[in-house]
Amino acid sequence: MRQKFIFVTGGVVSSLGKGLASASIGALLEARGLTVTLKKLDPYINVDPGTMNPFQHGEVFVTEDGAETDLDLGHYERFTRAVISKNSNFTTGQIYDAVIQKERRGEYLGGTVQVIPHITDEIKARIIEVDDERIDIVLVEIGGTVGDIESLPFLEAIRQLRNDLGKENSLFVHLTLVPFIKTAGEMKTKPTQHSVKELREIGIQPDILLCRTEEYLPPALKEKIALFCNVDKGAVITAKDVESIYECPLMFNREGLDDIITDKLNIWAKKPDLSEWQNIVDITKDTRRQVEIAVVGKYVKLTDSYKSLNEALTHGGIANHCQVKLRYVDSEDLEKDVLRLLADIDGILVPGGFGTRGTEGKINAVTYAREKGVPYFGICLGMQVAVIEMTRNLCGLKGANSTEFDEGTKHPVIYLMEEWVDRDDRTQKRDRASDKGGTMRLGAYPCTVKAGTNTHKAYGEDLVYERHRHRYEFNLRYRKELEEQGVEIAGISPDERLVEVVEVKDHPWFVGCQFHPEFKSKPFSPHPLFRDFIKASLKHRQDRTKCKKK
């Protein structure tokens with residue numbers, strides 16, 4: 001095995017930013033010419049986050065090969081060029097399920113199945129499994145907080161791996177909190193000390209500490225932390241709050257993190273070229289050109305539910321050298337008051353989602369965008385509600401709906417197909433009952449793009465592959481009626497069974513897509529649909545400003 005491993009853990013509190021820290025380390029190592037991949041180990045017992053409430057877990061990130069994963073894997077793909085797959089994320093549920101299946105097949109030869117060694121061996125085997133032998137560094141993030149009972153098997157597994165791999169091939173990075181107590185007027189190191197103590201009690205001595213703070217740690221405080229936590233002074237790194245998440249690689253570089261990592265792992269690598277990241281940060285902080293986008297959804301009170309979407313919009317701004325401001329609009333509120341909530345907006349985006357709540361408000365947003373000439377971008381459910389709206393208001397089919405919202409609708413313009421074609425072109429029956437994850441069209445599927453459409457202008461290609469996460473499809477029985485009213489099928493599956501993109505012809509920019517383009521957008525490679533949506537919204541803003549001046 002030629003790979004070296006970096007294990008990232010977190011302590012004191014959750015949500016400190018282990019995912020961003022791991023992604024930033026990956027970005028720094030790539031900037032030094034190394035090849036990286038990243039993995040996330042989640043201690044919850046769910047098999048995957050696919051059936052978890054977005055309010056509890058945030059968004060579900062979908063990989064190219066169709067795995068429903070933790071949102072941190074989105075950070076990994078955005079910050080690096082690593083190819084993330086189903087082997088990049090596994091949970092306690094998956095580990096225990098695999099071990100139980102092996103026991104049922106008799107693979108343990110009648111032995112007593114225990115956490116050690118059977119569970120830990122399964123974890124270790126999945127950690128060291130690397131798809132590409134050209135990988136230099138494997139970054140492994142351990143979910144949860146040190147001290148939580150459910151994460152103990154994962155921590156024990158990486159403790160054992162340190163002995164298996166050796167010190168020059170493995171590194172422990174621990175993210176912790178150094179809070180500023182306003183009444184005392186000083187930073188406190190005790191939470192960090194206790195967190196490291198927890199790790200050391202189970203046999204893990206951190207090599208590097210990332211200290212999440214509001215301000216940079218003074219040298220004296222770094223010395224104190226190093227002394228009490230038994231780490232090198234130079235290995236105490238400030239993980240300061242930043243205005244833009246894309247500052248993280250730059251901040252860690254200024255702290256010397258990549259030098260410490262390469263030194264401790266005995267790696268010879270070039271000095272990093274971070275000009276690309278500096279340019280990204282400069283654009284995101286430039287307020288001279290701005291555009292305001294309304295994000296209409298039902299999870300707007302928890303923006304982590306739209307993590308990839310929010311970042312993809314920022315990337316669209318980067319491509320157009322403008323700052324994107326987001327106005328989150330609860331779709332239920334739009335059932336009563338559309339004009340006030342969407343007034344003076346530059347573009348409207350309706351993202352994906354499940355369930356009936358707020359659906360009519362989203363449909364009202366579509367009507368507003370279509371009639372007022374406001375750029376509209378509908379993603380997954382956002383495309384479906386656009387089809388519903390246009391079938392009702394352009395085709396005159398009263399009560400048209402999705403069978404997800406109204407099973408008895410006379411005009412099921414969006415419906416659950418009885419049969420569909422999977423990735424290997426084998427006909428499958430959809431399972432409506434027990435296994436909700438089994439009813440999805442997941443992962444990358446091909447889409448043929450129609451020449452002359454806004455979608456084709458964006459991609460500049462006739463065939464693209466985009467990631468899906470949905471159950472319901474466009475009902476082809478209504479295609480002709482919609483096309484007669486100026487609705488264009490801009491993207492469709494190669495066999496012409498699955499509509500992927502719809503547009504409105506006589507509109508500045510109105511695109512609805514069945515897939516999730518946000519999952520493939522990166523700050524240094526913005527997705528073309530988000531790039532062009534922001535471009536159209538920027539033009540709408542400029543035109544509106546000119547009209548006001550007149």
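When a residue number appears, it is its place in the shown sequence, counting from 1. Any value given below was found using the heavy atoms of this structure, including those in side chains, with hydrogens, waters and symmetry copies removed. None of the values given here were measured: they were computed from a predicted structure.
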Item to complete: Just jot down the side chain to side chain contact (heavy atoms under 4.5 Å, CB included) partners of I208, sequence neighbours excluded, or say none.
Response: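 Result, side chain to side chain contact (heavy atoms under 4.5 Å, CB included) vs I208: L171, V173, L210, A235, I237, L257, I260, I261, K264.
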
Worksheet item: Pairs in or reaching into residues 64-103: which pass ring-ring contact (aromatic ring centres under 6.0 Å, His included), with residues at least two apart or in two chains?
Response: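 Counting only pairs at least two positions apart or across chains, the ring-ring contact (aromatic ring centres under 6.0 Å, His included) contacts touching residues 64-103 are F79-Y246, F79-W277.
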
Worksheet item: Got a sec, which pairs hit ring-ring contact (aromatic ring centres under 6.0 Å, His included) with one end in residues 165-195, sequence neighbours left out?
Response: F7-F172

Rounded to the nearest 0.5 Å, what's the gap from [atom1] on [X] to [atom2] on [Y]? Could you check?
X: S88; Y: D72; atom1: OG; atom2: CG; answer: 12.5 Å
X: D131; Y: T37; atom1: CG; atom2: OG1; answer: 7.0 Å
X: K190; Y: K197; atom1: NZ; atom2: NZ; answer: 11.0 Å
X: Y328; Y: I293; atom1: OH; atom2: CD1; answer: 11.5 Å

Worksheet entry | Side chain proximity check, C380 to H516, heavy atoms < 4.5 angstrom |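 Yes, close enough: below the 4.5 Å cut-off.
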
Discussion item. Tell me whether E59 is salt-bridged to R469, with the criterion being a basic N under 4.0 Å from an acidic carboxylate O.
Written reply: no

Within the distance-only criterion (no hydrogens, no angle test), does the side chain of [X] pair as donor or acceptor with the backbone N or O of [Y] below 3.5 angstrom?
X: D263; Y: D259; answer: no
X: D148; Y: T145; answer: yes
X: K4; Y: N266; answer: no
X: E122; Y: A98; answer: no
X: D42; Y: G143; answer: no
X: T69; Y: F61; answer: yes
X: Q3; Y: V130; answer: no

[X] side chain to [Y] side chain, donor-acceptor N/O pair below 3.5 angstrom:
X: Q514; Y: Y445; value: no
X: T35; Y: R81; value: no
X: E150; Y: T92; value: no
X: H527; Y: E466; value: yes

Fill in: All pairs passing salt bridge (charged side-chain N to carboxylate O under 4.0 Å, His left out) where residues 153-163 contributes a residue, at least two apart
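For residues 153-163, and leaving out neighbouring residues, the salt bridge (charged side-chain N to carboxylate O under 4.0 Å, His left out) pairs sorted by first residue read E156-R159, R162-D207.
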
Worksheet item: What pairs with Y108 under ring-ring contact (aromatic ring centres under 6.0 Å, His included), at least two apart in sequence or on another chain?
Response: H118

Worksheet, complete the sentence: By side-chain hydrogen bond (donor to acceptor under 3.5 Å, both in side chains), E103 pairs with (sequence neighbours left out) none

